[in-house]
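Fair warning: this is a prediction, and the values are worked out from it, not measured in the lab.
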Amino acid sequence: MPPMSTIPIHRPEFCTLFFNGSPSPYKCPRITASWIMAMDSKFSSTIKNNSDNDYNLKKKKDEELSVQISTPPISKVETLNSNDLQFDRLQPSDQELGRVKRFEFGQFVARETVLDEEYWTAAWLRAESHWEDRPFERYVDNYKRKFAEQEFNALKRRCKVQNGDSCACIITVRKEQKNAKHSILKSVVGTLDLNIRYLLQGETYPGERVKAPLFCSINRTPPSRYGYIANLCVIKSARRQGIASNMMSFAIEAAKSNGLTQVYVHVDRNNRPAQILYQKMGFEMVEMANSRLVEETYLLRLQT
């Protein structure tokens with residue numbers, strides 16, 4: 001034990017006693033004690049030296065660790081906006097596209113998107129289509145720009161292969177002419193997405209409500225792979241020229257080349273022209289005996 005002593009110091013005080021709620025004329029002394037610690041100077045010096053040694057040792061270890069361990073960089077989600085793009089950029093020529101698969105029909109060409117400006121234009125066409133029935137709504141231009149911005153970044157993320165699923169943005173552009181070239185913004189007239197996905201455990205078609213385990217897995221076998229077409233839209237000025245049907249044909253052929261035997265598409269139950277188009281291409285309504293689909297849409301399937 002270190003040489004330490006405690007010396008009590010007593011200070012007398014007086015306090016008043018209370019009987020039945022009233023003060024008594026008698027006072028009794030109350031003793032309070034405070035304690036003073038005395039420490040030997042030699043022992044105090046020993047403690048200080050040990051504390052300094054511990055601090056220096058800890059500091060040295062921290063420096064060694066800081067040399068050996070490097071902090072990994074924090075990954076950020078890459079986002080772009082319209083200010084980063086060049087909308088006056090010309091549509092790439094056939095030579096620049098190289099081996100990109102394409103399908104020519106009439107004055108148009110269907111192919112996969114390759115440039116960020118094409119992704120943005122596809123997103124803007126979808127915004128135009130989404131707000132088409134509400135042209136006079138207040139702030140509609142701001143809503144469309146916001147929608148296009150979000151769809152553009154979401155589309156870029158979807159087109160990166162994730163967990164075996166993939167997505168391709170297909171566009172239709174005006175055919176290249178010898179004496180005139182179009183900017184990307186004025187060249188893209190139609191767009192759609194072709195997604196390649198897997199059915200969940202127990203499903204026979206996407207979205208089927210089945211009694212699956214709480215933590216169901218994805219059945220990643222060739223028979224469970226399927227194609228799903230979404231976001232089909234064509235600019236108003238280029239409609240009724242076979243763009244939608246030819247884009248669909250290009251997407252279906254791309255699905256076949258990837259070994260898919262089933263292609264699905266959702267259609268609004270009030271969109272009769274689209275239903276007629278899909279039926280002409282061989283799509284049939286999915287059997288709904290064991291489940292109930294979303295009331296606003298029908299799920300159609302094509303056996304390739």
Side-chain angles (χ1 to χ4, degrees), residues 87 90-92 100-115 117-137 140-141 143-152 154-155 167-177 180-195 227-255 263-285 296-300 302:
F87 289 109
L90 296 178
Q91 185 67 30
V100 176
K101 292 183 179 180
R102 49 187 175 268
F103 175 63
E104 298 185 9
F105 58 96
Q107 299 298 317
F108 306 100
V109 179
R111 61 171 174 81
E112 191 173 340
T113 307
V114 294
L115 301 175
E117 288 78 5
E118 293 174 342
Y119 281 106
W120 171 266
T121 308
W124 180 257
L125 289 184
R126 297 170 189 186
E128 290 275 8
S129 177
H130 183 76
W131 295 93
E132 183 175 324
D133 297 332
R134 293 168 284 180
F136 303 109
E137 188 168 327
V140 65
D141 289 335
Y143 293 147
K144 286 193 290 187
R145 180 168 292 276
K146 179 84 172 175
F147 184 98
E149 197 88 41
Q150 294 175 346
E151 175 63 17
F152 168 68
L155 183 57
C167 175
C169 177
I170 294 173
I171 57 174
T172 294
V173 300
R174 301 183 189 277
K175 188 179 292 186
E176 181 183 0
Q177 298 179 358
K181 286 191 175 182
H182 302 283
S183 65
I184 293 176
L185 192 61
K186 295 182 178 180
S187 180
V188 179
V189 296
T191 178
L192 64 78
D193 290 344
L194 172 62
N195 303 272
Y228 180 77
I229 295 175
N231 300 317
L232 171 63
C233 59
V234 178
I235 194 171
K236 267 188 173 182
S237 60
R239 290 177 184 173
R240 298 186 180 279
Q241 299 185 54
I243 294 175
S245 59
N246 281 283
M247 273 197 305
M248 288 287 295
S249 298
F250 181 71
I252 292 170
E253 289 300 320
V263 179
Y264 293 88
V265 63
H266 273 104
V267 60
D268 192 290
R269 65 177 183 176
N270 297 320
N271 191 346
R272 188 58 185 164
Q275 295 176 27
I276 294 174
L277 169 65
Y278 297 143
Q279 289 172 0
K280 286 182 178 179
M281 302 191 70
F283 282 86
E284 298 177 351
M285 186 174 293
E296 291 79 10
T297 60
Y298 297 135
L299 180 64
L300 308 180
L302 174 68

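Taking every heavy atom of both residues into account, Gly190 and Leu125 meet most closely at N-CD1, 3.8 Å. Considering every non-hydrogen atom in both Asn270 and Asp268, the closest pair reads N-OD1, 2.7 Å. Contact record, Ala238 with Ile243: O-CD1, 3.3 Å, taken as the closest heavy-atom pair. The shortest non-hydrogen separation linking Ala123 to Ala148 is CB-O, 3.6 Å.
Qualifying side chain to side chain donor-acceptor pair (under 3.5 Å) partners for Gln279, counting only residues two or more places apart in sequence or in other chains: none. Take Thr191 and apply the side chain to side chain donor-acceptor pair (under 3.5 Å) test, not counting sequence neighbours, and it matches Arg126. Partners of His130 under the ring-ring contact (aromatic ring centres under 6.0 Å, His included) rule, at least two apart in sequence or in another chain, are Phe147. For Thr113, the side chain to side chain contact (heavy atoms under 4.5 Å, CB included) partners are Glu118, Tyr119, Cys169, Ile171, not counting sequence neighbours. The side chain to side chain donor-acceptor pair (under 3.5 Å) check on Gln275 picks up Arg272, with sequence neighbours excluded.
We find that Lys144 and Glu128 are joined by a salt bridge, their nearest charged nitrogen and carboxylate oxygen being less than 4.0 Å apart.
Note on ring orientation: taking the six-membered ring where Trp is involved, the planes of Trp124 and Trp120 are parallel (angle under 30°, cut-offs 30° and 60°).
Expressed to the nearest 0.5 Å, how far CG of Leu194 lies from CD of Glu253 amounts to 11.5 Å. Here the CG-OG distance, from Leu90 to Ser187, works out to 10.0 Å after rounding to the nearest 0.5 Å.
Counting only heavy atoms from C-beta outward, the side chains of Glu104 and Lys175 approach each other to under 4.5 Å. By the 4.5 Å heavy-atom criterion applied to side chains, Tyr298 and His266 are not counted as neighbours. Contact check for Phe283 versus Val263: side-chain heavy atoms found under the 4.5 Å cut-off. Using a 4.5 Å cut-off on side-chain heavy atoms (C-beta onward), Glu117 and Leu185 make no contact. Using a 4.5 Å cut-off on side-chain heavy atoms (C-beta onward), Met248 and Ile229 make contact.
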Between Tyr278 and Leu232, is the side chain to side chain contact (heavy atoms under 4.5 Å, CB included) condition met? List the steps.
CA-CA 12 Å; Tyr278 297 143; Leu232 171 63; 3.5 Å; yes
Given side chain to side chain contact (heavy atoms under 4.5 Å, CB included), test Phe108 with Arg174 step by step and report yes or no.
CA-CA 5 Å; Phe108 306 100; Arg174 301 183 189 277; 4.1 Å; yes
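Residue pairs meeting the side chain to side chain donor-acceptor pair (under 3.5 Å) criterion with at least one member in residues 229-247, sequence neighbours excluded: Glu132-Arg239, Asp193-Asn231.
A side-chain donor-acceptor contact under 3.5 Å links Arg102 to the backbone of Val100.
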